[in-house]
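Structure first, commentary second.
These numbers come from a predicted model, not from an experiment. We count residues from 1, following the sequence as given.
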Amino acid sequence: MPASYQPKTRDSEKHERTSSQSVQTNMSAAQATVAQVLESKSGEMFWIAPEDTVGHAVEVLRDKKIGALMVKSPQGELVGILSERDVVRRLADTPGHTLPQKVSELMSTEVQTTTPNETLVTVLRRMTDGRFRHMPVMEAGQLVGLISIGDVVNYRLTALEYEALQLKQLIVG
């Protein structure tokens with residue numbers, strides 16, 4: 001073996017260590033807030049009245065391609081939320097008689113809300129523990145948005161894709 005040859009060993013070449021997760025990226029994910037997710041959404045909110053029929057609600061869910069509707073009183077107060085899950089359960093209980101029923105008869109009235117400043121980690125934990133997928137966002141007593149688990153997952157995937165692109169540029173560049 002020539003004298004100039006030296007086999008590579010684990011520590012023979014010092015390189016800057018890189019990884020897809022670091023304290024900084026993990027902390028930024030843990031500190032992301034509801035406000036950041038709302039910024040990435042269109043800002044459109046859809047709601048119905050408690051006296052509307054389930055049939056009308058189903059049409060809105062279909063037409064808007066959404067999974068839940070906030071229910072507001074005539075005074076504009078949030079009084080409930082109606083999800084596809086609520087409708088499906090009632091369809092199973094009252095087949096053929098569900099669509100003419102009033103939204104107030106099957107909406108969830110114990111609605112958990114969040115604020116724009118709450119962290120996504122906290123919101124996801126509350127959604128997971130409560131087994132629901134949509135949470136209205138309130139600020140100063142006013143409804144400012146609706147966040148879903150899908151919104152949070154999409155936000156995090158976009159962040160991960162961005163992080164991966166940055167790492168690739170560091171490696172190649």
Side-chain angles (χ1 to χ4, degrees), residues 17-50 52 54-72 76-92 103 106-173:
R17 189 178 179 115
T18 62
S19 62
S20 62
Q21 292 187 335
S22 66
V23 171
Q24 182 183 6
T25 61
N26 284 340
M27 288 305 292
S28 67
Q31 294 171 353
T33 64
V34 169
Q36 291 169 296
V37 172
L38 289 179
E39 288 172 11
S40 67
K41 293 181 66 168
S42 72
E44 273 190 288
M45 292 186 288
F46 304 102
W47 56 83
I48 52 174
D52 285 341
V54 173
H56 174 67
V58 168
E59 289 172 354
V60 174
L61 290 168
R62 177 199 62 206
D63 294 346
K64 302 299 181 184
K65 298 178 178 150
I66 55 177
L69 283 165
M70 292 175 285
V71 184
K72 290 172 83 177
E77 180 185 350
L78 179 67
V79 294
I81 191 164
L82 180 74
S83 70
E84 293 170 321
R85 220 181 243 187
D86 296 324
V87 174
V88 168
R89 287 183 179 137
R90 185 58 63 100
L91 283 168
V103 167
L106 64 151
M107 68 184 187
S108 299
T109 56
E110 294 181 22
V111 180
Q112 289 195 35
T113 63
T114 185
T115 65
N117 297 326
E118 191 168 0
T119 64
L120 296 180
V121 170
T122 305
V123 169
L124 283 174
R125 173 55 49 209
R126 290 173 57 202
M127 287 179 167
T128 301
D129 291 347
R131 299 189 50 81
F132 56 89
R133 297 179 179 155
H134 299 86
M135 188 180 283
V137 183
M138 306 289 285
E139 185 172 40
Q142 298 295 312
L143 186 63
V144 296
L146 180 72
I147 191 169
S148 71
I149 284 183
D151 296 330
V152 177
V153 169
N154 186 46
Y155 177 85
R156 187 61 187 134
L157 283 175
T158 301
L160 287 171
E161 289 169 352
Y162 179 72
E163 290 170 17
L165 180 63
Q166 286 182 317
L167 285 172
K168 185 177 180 181
Q169 289 174 346
L170 282 173
I171 293 168
V172 174

Kindly indicate whether the side chain of [X], heavy atoms from C-beta on, has any atom under 4.5 Å from the side chain of [Y].
X: Leu124; Y: Ile149; result: yes
X: Met45; Y: Leu143; result: yes
X: Leu146; Y: Pro136; result: yes
X: Met107; Y: Val79; result: yes

I need the minimum non-hydrogen distance between [X] and [Y], along with the two atoms involved.
X: Val103; Y: Ala57; answer: CG2-CB, 4.1 Å
X: Val34; Y: Val137; answer: CG1-CG2, 3.7 Å
X: Pro116; Y: Thr33; answer: O-CB, 3.5 Å

Legend entry - Stepwise side-chain contact (heavy atoms from CB on, under 4.5 Å) test for Ile81 and His134: CA-CA 9 Å; Ile81 191 164; His134 299 86; 3.9 Å; yes
Legend entry - Arg133, CZ atom: more than 12 neighbouring heavy atoms under 6.0 Å: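 No.
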Please confirm whether the backbone N or O of [Y] pairs with a side-chain atom of [X], one donor and one acceptor, at under 3.5 Å?
X: Thr128; Y: Arg125; result: no
X: Asn154; Y: Asp151; result: no
X: Gln142; Y: Glu139; result: no
X: Lys41; Y: Ile147; result: no

Legend entry - Test log, rule salt bridge (Lys or Arg N to Asp or Glu O under 4.0 Å), inputs Glu118 and Arg126: CA-CA 11 Å; Glu118 191 168 0; Arg126 290 173 57 202; 2.8 Å; yes
